Amino acid sequence: MTSVARAGHLAPYFKATSQVVANGLKPVIAVPTPVDKLVAQPLPKTSTVQSLHGALPIQGLKVKHSTCVPSQVRFAHSDIAYPDFSAYRRKDTLDPKSKAKENVDTRNSFTYLIAGAGSVAGAYAAKSVVTQFVSSMAAAADVLALAKIEIKLGEIPEGKSVTFKWRGKPLFIRHRTQEEIAAEKAVPIDELRDPQSDEQRTQNPEWLVVIGVCTHLGCVPVANAGDFGGYYCPCHGSHYDASGRIRKGPAPLNLEVPPYSFLEEGVLVVG
């Protein structure tokens with residue numbers, strides 16, 4: 001009713017009706033009437049709906065009603081648009097009735113070939129990355145240059161010990177005399193704290209090569225000193241013999257022997 005009242009062409013009718021109802025209202029008194037005086041009134045030929053239909057300017061408005069109202073149920077998935085991948089498919093597989101199964105082996109072989117080639121390329125790339133990463137953590141060229149040093153043994157007189165620097169550590173090279181060699185070889189191994197024979201610590205009996213770091217607390221011993229004529233650590237009183245073996249004091253181990261070799265006559269390579 002609200003929608004009809006808002007229409008412009010129906011407004012006068014509703015306004016007039018409201019005025020008639022409001023102004024023509026009179027009190028009604030009920031009076032009993034005998035039955036014999038009642039007159040039957042004929043029923044109207046047209047209904048109220050038909051009368052209003054002819055009176056109101058509805059401009060061709062039609063009303064239809066039925067007991068069987070049609071209904072429609074729509075589901076959300078019914079509006080989904082399926083993508084079309086025809087542009088990406090092979091021509092021999094566009095037609096579902098075609099004999100596409102005949103080239104399945106060929107397509108599988110191609111897939112395996114691509115997968116194998118990709119795996120090989122990936123493994124090679126991973127190897128290169130790992131190699132570059134490990135190489136970046138390696139020592140620099142200037143550090144590698146100090147990894148090995150060459151020493152001319154002819155400059156070291158017999159019975160003397162000379163100190164060099166190798167990898168940031170003092171390096172003792174001793175040119176031993178025949179008396180020192182004989183004395184060190186005669187030492188009983190079972191009397192040593194760190195049992196090692198003289199032959200195990202030297203490649204050439206005339207040359208003793210050891211790292212000059214005390215095995216107690218890392219001090220630097222003094223060459224040609226101590227109770228055994230080898231090396232002496234004044235910090236805590238460790239005594240080493242002419243073979244670099246601990247003979248007295250708190251040091252637990254012998255002096256370390258670095259890797260070395262004789263490159264040629266009179267040239268020693270350490271490292």
Side-chain angles (χ1 to χ4, degrees), residues 131-132 134-271:
T131 302
Q132 293 294 333
V134 174
S135 299
S136 64
M137 295 188 298
D142 54 346
V143 177
L144 294 176
L146 298 176
K148 293 183 179 181
I149 59 173
E150 295 183 1
I151 301 172
K152 296 181 179 180
L153 300 178
E155 300 177 356
I156 304 175
E158 188 177 5
K160 299 295 181 178
S161 179
V162 180
T163 304
F164 297 90
K165 185 178 181 181
W166 177 70
R167 295 183 180 179
K169 300 178 181 179
L171 180 68
F172 294 160
I173 297 180
R174 187 185 186 99
H175 190 180
R176 301 191 300 181
T177 62
Q178 295 297 326
E179 291 77 9
E180 291 175 340
I181 296 174
E184 299 305 329
K185 289 183 178 180
V187 174
I189 299 178
D190 53 357
E191 296 180 359
L192 300 176
R193 183 178 302 171
D194 185 11
Q196 279 185 326
S197 63
D198 187 70
E199 289 79 4
Q200 293 176 335
R201 297 181 57 80
T202 58
Q203 297 183 17
N204 186 341
E206 295 184 4
W207 301 99
L208 175 66
V209 181
V210 293
I211 296 177
V213 177
C214 180
T215 58
H216 179 220
L217 293 177
C219 303
V220 179
V222 179
N224 297 324
D227 297 344
F228 299 90
Y231 303 93
Y232 171 68
C233 181
C235 297
H236 302 93
S238 297
H239 299 260
Y240 301 88
D241 58 14
S243 186
R245 297 172 295 190
I246 182 64
R247 302 293 294 274
K248 182 180 178 182
L253 301 174
N254 302 330
L255 294 179
E256 182 183 356
V257 177
Y260 67 94
S261 61
F262 293 93
L263 183 60
E264 57 186 22
E265 187 65 24
V267 177
L268 176 68
V269 178
V270 180

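Bear in mind that the values here come from a model prediction, so they are computed numbers and not experimental data.
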I189 and P195 have their tightest heavy-atom pair at CG2-CB, 3.6 Å
Side chains of D198 and V187 in contact at under 4.5 Å (non-hydrogen atoms): no
Please name the pair of heavy atoms, one in P221 and one in C214, separated by the smallest distance, quoted to 0.1 Å. CD-N, 3.9 Å
Is a donor on one side and an acceptor on the other found under 3.5 Å between the side chain of R176 and the backbone of L208? no
Taking all heavy atoms of P234 and all of V220, pick out the closest pair and write down the distance. CD-O, 4.5 Å
Taking only residues two or more places apart in sequence or in another chain, which ones pass salt bridge (charged side-chain N to carboxylate O under 4.0 Å, His left out) with R247? D241
CH2/W207 to CZ/R174 distance, rounded to the nearest 0.5 angstrom? 12.0 Å
Pairs meeting criterion salt bridge (charged side-chain N to carboxylate O under 4.0 Å, His left out) with involvement of residues 211-235, two or more places apart: D227-K248
Among all residues two or more places apart in sequence or in another chain, which pass the side-chain contact (heavy atoms from CB on, under 4.5 Å) test with S136? F133
Measure from the side-chain N and O atoms of E184 to the backbone N and O of A242, and report whether any donor-acceptor pair falls under 3.5 Å. yes
Y240 side, atom OH; D194 side, atom CG - distance, nearest 0.5 Å: 10.0 Å
Parallel, tilted or perpendicular: ring planes of H236 versus H216, cut at 30 and 60 degrees: perpendicular
Got L171 and I149 here, is their nearest side-chain heavy-atom distance under 4.5 Å? yes
CG (L268) and OH (Y260) are apart, to the nearest 0.5 Å, by 7.5 Å
Could you give the distance from CG (N204) to CZ (F262), rounded to the nearest 0.5 Å? 4.5 Å
With rounding to the nearest 0.5 Å, note down the distance linking CD1 in I173 to CD1 in I156. 5.0 Å
In chain order, what residues pass the ring pair (Phe, Tyr, Trp, His ring centres under 6.0 Å) check against F228, with sequence neighbours excluded? none
Quick one: are H175 and K160 in side-chain contact, heavy atoms under 4.5 Å? no
To check you understand the geometry: which heavy-atom pair defines the closest contact between T215 and P252, and what is its length? O-CD, 3.4 Å
Selection residues 201-225 - residue pairs positive for salt bridge (charged side-chain N to carboxylate O under 4.0 Å, His left out), sequence neighbours left out: none
Exercise: identify the closest heavy-atom pair between Y231 and A223: CD2-CA, 3.4 Å
Side chains of P258 and V209, heavy atoms from C-beta outward: is any pair under 4.5 Å? yes
For N224 and S161, does a side-chain donor sit closer than 3.5 Å to a side-chain acceptor? no
Any salt bridge (charged side-chain N to carboxylate O under 4.0 Å, His left out) pairs touching residues 210-224, not counting sequence neighbours? none
Find the distance between NZ (K169) and OG1 (T163) and round it off to the nearest 0.5 Å. 15.5 Å
